[in-house]
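For reference, the structure is listed below as structure tokens.
The residues of the chain are indexed from 1 along the displayed sequence.
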Amino acid sequence: IDKSKPTISPKPGHGAEGVVMGQRVAMSTPDVYRIQKLYQCRVDTTHITRPSTSQSVVTCNFDSDICSFTQDTHDNFQWTRKSGNTQTAHTGPTADHTNSAGSYVYAEANGHHHQKARLLLPQTVAGGDYCVDFWLFQHGSQEGSL
């Protein structure tokens, strides 16, 4: 953890000790949702503002392709663009998170223990700090952690 950047940690005594929600100045919609559920609050994310699309470096929902990302050729296996269930039953999403009719990308973890699958940002993205907002689905008896 980079102690020079803000880190969001849940309040002790709520079953989430050691969980770090991220290093950023603001919380994402999923972070706000998790915190509200953790503290048994009414879930309300209507107050969260998002940058306009013109401020975004990459905006992608994977519905038509993998956008401007590229597959890393120096990793161990690849990401797959998909709609519906994943190849291995009961381990992945059954649909995308937006409307259940779109696509998503996933890395089939079955048979890839301690290996890496990477998507790379376009070379046109300048260096610096960026906020990445994505939906994560992890399920399975040996899912591990990020």
Side-chain angles (χ1 to χ4, degrees), residues 1-72 75 77-110 112 115-146:
I1 293 176
D2 181 349
K3 301 226 183 252
S4 69
K5 294 182 180 181
T7 301
I8 303 159
S9 300
K11 191 172 163 184
H14 284 82
E17 284 75 18
V19 173
V20 175
M21 300 231 182
Q23 292 197 331
R24 54 191 165 266
V25 175
M27 291 186 279
S28 67
T29 302
D31 283 343
V32 172
Y33 175 84
R34 285 186 201 110
I35 289 170
Q36 290 172 340
K37 294 292 279 184
L38 177 67
Y39 295 111
Q40 290 141 15
C41 299
R42 181 178 61 86
V43 174
D44 177 15
T45 57
T46 59
H47 63 284
I48 299 171
T49 58
R50 306 206 36 99
S52 70
T53 303
S54 64
Q55 292 174 301
S56 298
V57 175
V58 175
T59 300
C60 181
N61 63 11
F62 301 112
D63 283 346
S64 59
D65 56 25
I66 63 169
C67 309
S68 53
F69 293 98
T70 57
Q71 300 273 4
D72 187 349
D75 55 7
F77 64 110
Q78 301 301 308
W79 288 84
T80 302
R81 190 177 143 272
K82 183 100 170 89
S83 60
N85 291 327
T86 57
Q87 162 184 327
T88 306
H90 310 296
T91 62
T94 57
D96 76 308
H97 81 281
T98 56
N99 62 10
S100 298
S103 298
Y104 58 90
V105 294
Y106 78 102
E108 176 62 52
N110 192 29
H112 295 107
Q115 294 183 353
K116 296 177 184 173
R118 291 186 279 230
L119 284 178
L120 304 175
L121 282 170
Q123 294 292 328
T124 57
V125 175
D129 291 337
Y130 291 93
C131 178
V132 176
D133 190 14
F134 63 94
W135 289 86
L136 173 67
F137 181 94
Q138 282 184 269
H139 182 74
S141 61
Q142 299 176 339
E143 70 182 43
S145 62
L146 285 179

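For the residue pair Glu108 and His112, the shortest heavy atom distance occurs at O-ND1, 2.7 Å. Across all non-hydrogen atoms, the minimal contact from Gly102 to Asp96 is N-OD1, 2.9 Å.
Remark: Ser103 OG to Asn61 CG distance equals 8.0 Å, nearest 0.5 Å. To the nearest 0.5 Å, the span separating CG on Leu119 from CG on Asp72 amounts to 9.0 Å. Arg81 CZ to Ser64 OG: the interatomic distance, rounded to the nearest 0.5 Å, is 6.5 Å. Rounded to the nearest 0.5 Å, atoms OG1 (Thr80) and OH (Tyr104) are 9.5 Å apart.
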Evaluate the criterion side chain to side chain contact (heavy atoms under 4.5 Å, CB included) for residue pair Phe62 and Tyr106; output intermediate values, then yes/no.
-> CA-CA 11 Å; Phe62 301 112; Tyr106 78 102; over 6 Å; no

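Listed by chain and residue number, Asp75 satisfy the side chain to side chain donor-acceptor pair (under 3.5 Å) test with Gln78 (two or more places apart in sequence, or in another chain). Asp44 is linked by a side chain to side chain donor-acceptor pair (under 3.5 Å) to Thr46, counting only residues two or more places apart in sequence or in another chain. Asn85 pairs by the side chain to side chain donor-acceptor pair (under 3.5 Å) definition with nothing, not counting sequence neighbours.
Checked by atom type and distance alone, the side chain of Trp79 pairs as donor or acceptor with a backbone atom of Ala117 at under 3.5 Å.
No more than 12 heavy atoms of other residues, nucleotides or ligands sit less than 6.0 Å from atom OH of Tyr33.
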